[in-house]
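Below, chains carry the letters A, B, ... as their sequence lines are ordered, and counting in each starts from 1. Atoms considered below: every heavy atom in the structure, side chains included; atoms not considered: hydrogens, waters and symmetry mates.
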2 protein chains.
Amino acid sequence: MDIDVRNCGAEPVPPEGETQVVGNSTSKPVTLADVARLADVSVPTASRVLNGGVRGKGGNRELRERVEDAARVLGYSVSAAAQATKEGRARTIGLLVSDVEDFGAATIIAGILDAAEDRGLSVAVRATHDDAEREVELLTQFRGERHRAIILATSRTTNLERELAVKTQLEVLQRHGANIVLIGDSDHDYSRVTVNNHDAAAALADELAAAGNRRFAILAGPEEQITSRDRVAGFLAGLARHGIEVPEELIFHHGFDRDGGHLAVDILGDRLRDLDVIAAMSDGMAVGAIAALRRRGLETPRDIEVTGFDHVPMLGDVLPEFSTVGVPLHEFGESALKMAVDEPTPEIAKRRVAHKTSLIVRGVMIGVAA
Amino acid sequence: MDIDVRNCGAEPVPPEGETQVVGNSTSKPVTLADVARLADVSVPTASRVLNGGVRGKGGNRELRERVEDAARVLGYSVSAAAQATKEGRARTIGLLVSDVEDFGAATIIAGILDAAEDRGLSVAVRATHDDAEREVELLTQFRGERHRAIILATSRTTNLERELAVKTQLEVLQRHGANIVLIGDSDHDYSRVTVNNHDAAAALADELAAAGNRRFAILAGPEEQITSRDRVAGFLAGLARHGIEVPEELIFHHGFDRDGGHLAVDILGDRLRDLDVIAAMSDGMAVGAIAALRRRGLETPRDIEVTGFDHVPMLGDVLPEFSTVGVPLHEFGESALKMAVDEPTPEIAKRRVAHKTSLIVRGVMIGVAA
DNA sequence: GCAGTTCCGGACATCGATATCCATAATACG
DNA sequence: CGTATTATGGATATCGATGTCCGGAACTGC
């Protein structure tokens, strides 16, 4: 076992000729200097060897092995901080999300992490809780961390002041060499990963109307949020094709989460019996609405149909007849990271990756939309 | 607006006497040297001022303001990498989870991020996907990143070889000065944040048996996983109080997620009709089981009751009569971060924080358990 | 007004790693 | 065998920030 441990480089051996401090309760991390000393070479040489600079043919093959052995025996691992200091930028990505607990955000993060791991990058995650000031504050924190790229998975709004404040920060970060990628729709001019929320919502509305539904309420999410705006606009456009209109007072602008759904249903109250469909612009709101309906003795889809948007997979298991729009959130994350750090391929050069949505009607995937 | 932008320090102004490169397409980040030059002081002095070393009474008050103004005007932010190089450790936390998409993990992360933000710490998240080798690999990556603390929210097992490999890495990290905190049960001797899975499961079993249920199947999750082991043991102990036994062949060891639930139900097949309760040791498995049951025409809790563990809040909205055990995952995250970085309070000094679980029976919280 | 104390702020060294420069050794080739 | 070429590896400088040391100014008290 001792040998095994040594081989995996985890058990530092004191450099020869030095007496080790009592125990190894708190030894400092191994530095390149330690490796160089043990291998009896200069520090820059050790660096070159470990970075492949020394090709190691002929005689110096022995030197190469000496250094590599020393590094292995000591359990050396290069200090990311020192590298970052020297290079001027870290091998890290800064990621901003609204809320990690939100299922959609979690899936996006998972996609980013998977792609980041392949590239040996570390991801620093921060949550804004949809607070505009905090978002700016966190972006300034990113400035000091010298990230290679910044990915924003937070919701962009139509609030010009707020967006300008964010843009101001992003400009600085970009000037300092960080690539900026936004996930979701926005009016900004940065690289983007999106779906066509408008058309997907329209397709869903189309299906619902074609099935004979006529009286709709819409749970729209915050009024300023661009994603919400696009989805509502698309949904209304889809209904319009069938000559259906939704009165202003049946469009609710509350939170994008379960509470938003609860609230809207409670406000609807007795008007619920006049509705065929409550169309929520997120699965979270849909779940909240379903729970609130049930408290009033209404079952879905028996008494009233509730639809969502995003396609949280778990919901399909517990609500078999739930209609929603599938958004490839995991792919969002992967694409965002690729755009952020990969050499620009023809696709990435366009600085806009549009993914496809799928339409799920009463639990059945109908097809893939643009 | 111009003035505003300057005041928030986001618009770097070129140092006097230097001509700016065309545009500011890619200017380098502002360094302390830039600040010192503009303020006409030495670099160490600038550092002292910005770190509060200069009290600034009397005449040097002017100097203090000069430096602070310079920093503000240039939009200076200290390089975390350089600080980390100097200090030997970064103001960062390394976090390992099995899977970010898992609801429980996401909630834990949220708790950690909230507590980390209060302390100005950055959190680097990595996912193991429950792969033992990858876990070790990611821990070695953490070594180079000089994190102040490492938090493991991955599942610990009874596999000695695997645990030894992890322990070996953790020892090195700890020797290098990182605090180690584990979330969940384990046989390791590090700081821990836990609940009493055994007793909570026993309490749930107790309630179920008291309600007249007699014939149980258990979805146990991977056999090696300690959390799973403890929950099953507790559940069986709770049933034993009522003289109920569960035959070995009705305890299923598959994945801890929805697929694990699907699989077990499919294997049960015709034996389902002989059961009162399928007790899943995680909400994810429970959801999978519910979906699989429904495909066979069985409804829960009408035909057969399914219970879970963890208490994913969203489930309470869609499955009103679901029984489960509430685990305070957000608090797990907060406690873990506190243990990892705060000065040892009497509570933290014990290096073990035990949170309380709650018992939720058919959607109603019965009480708080030890 | 002088001695003694305090504080200040500049010069220098340092953290860990890498780019640059250069002298030297090894090789190739005529 | 001698010269031209190449590869090599050490010394030195550098990244950005901070700790140490010390001379000198300001201030205190008598």
TODO: Could you tell me which non-hydrogen atom of B:Ser191 sits nearest to which non-hydrogen atom of B:Met339, and how far apart they are?
DONE: CB-CE, 3.5 Å
Task: Set of residues satisfying side chain to side chain contact (heavy atoms under 4.5 Å, CB included) with respect to A:Arg89, sequence neighbours excluded - done: A:Arg148
Task: Backbone of B:Gly177 reached by a side-chain donor or acceptor of B:Arg146 within 3.5 Å - done: no
TODO: Please name all residues satisfying salt bridge (charged side-chain N to carboxylate O under 4.0 Å, His left out) with A:Glu163, sequence neighbours left out, ordered by chain then number.
DONE: A:Arg156
Open item on the list: Walk along nucleotides 15-21 of chain C from 5' to 3' and tag each nucleotide B, S or - by protein heavy-atom contact under 4.0 Å, base first, then sugar-phosphate.
Closed with: BBBBBB-
Task: Below 4.0 Å: OP1/OP2 of D:dG9 and any side-chain N or O of A:Thr45 - done: no
Task: For A:Thr128, all residues meeting side chain to side chain contact (heavy atoms under 4.5 Å, CB included), sequence neighbours excluded - done: A:Leu96, A:Ser98, A:Glu135, A:Leu138, A:Thr154
Task: From CA spacing to verdict: side-chain contact (heavy atoms from CB on, under 4.5 Å), B:Val78, B:Gln83 - done: CA-CA 8 Å; B:Val78 54; B:Gln83 277 186 325; 3.5 Å; yes
Open item on the list: Between the opening five pairs and the closing five pairs of the helix from C:dG1-D:dC30 to C:dG30-D:dC1, how far apart are the helix axes, to 10°?
Closed with: 20°
TODO: Could you tell me which non-hydrogen atom of B:Glu145 sits nearest to which non-hydrogen atom of B:Ala90, and how far apart they are?
DONE: O-CB, 4.0 Å
TODO: Using whole Å, report how far CG of B:Asp40 lies from C1' of C:dG10.
DONE: 12 Å
Open item on the list: With ring pair (Phe, Tyr, Trp, His ring centres under 6.0 Å) as the rule and sequence neighbours excluded, what pairs involving residues 131-150 of chain A come up?
Closed with: A:Phe142-A:His147
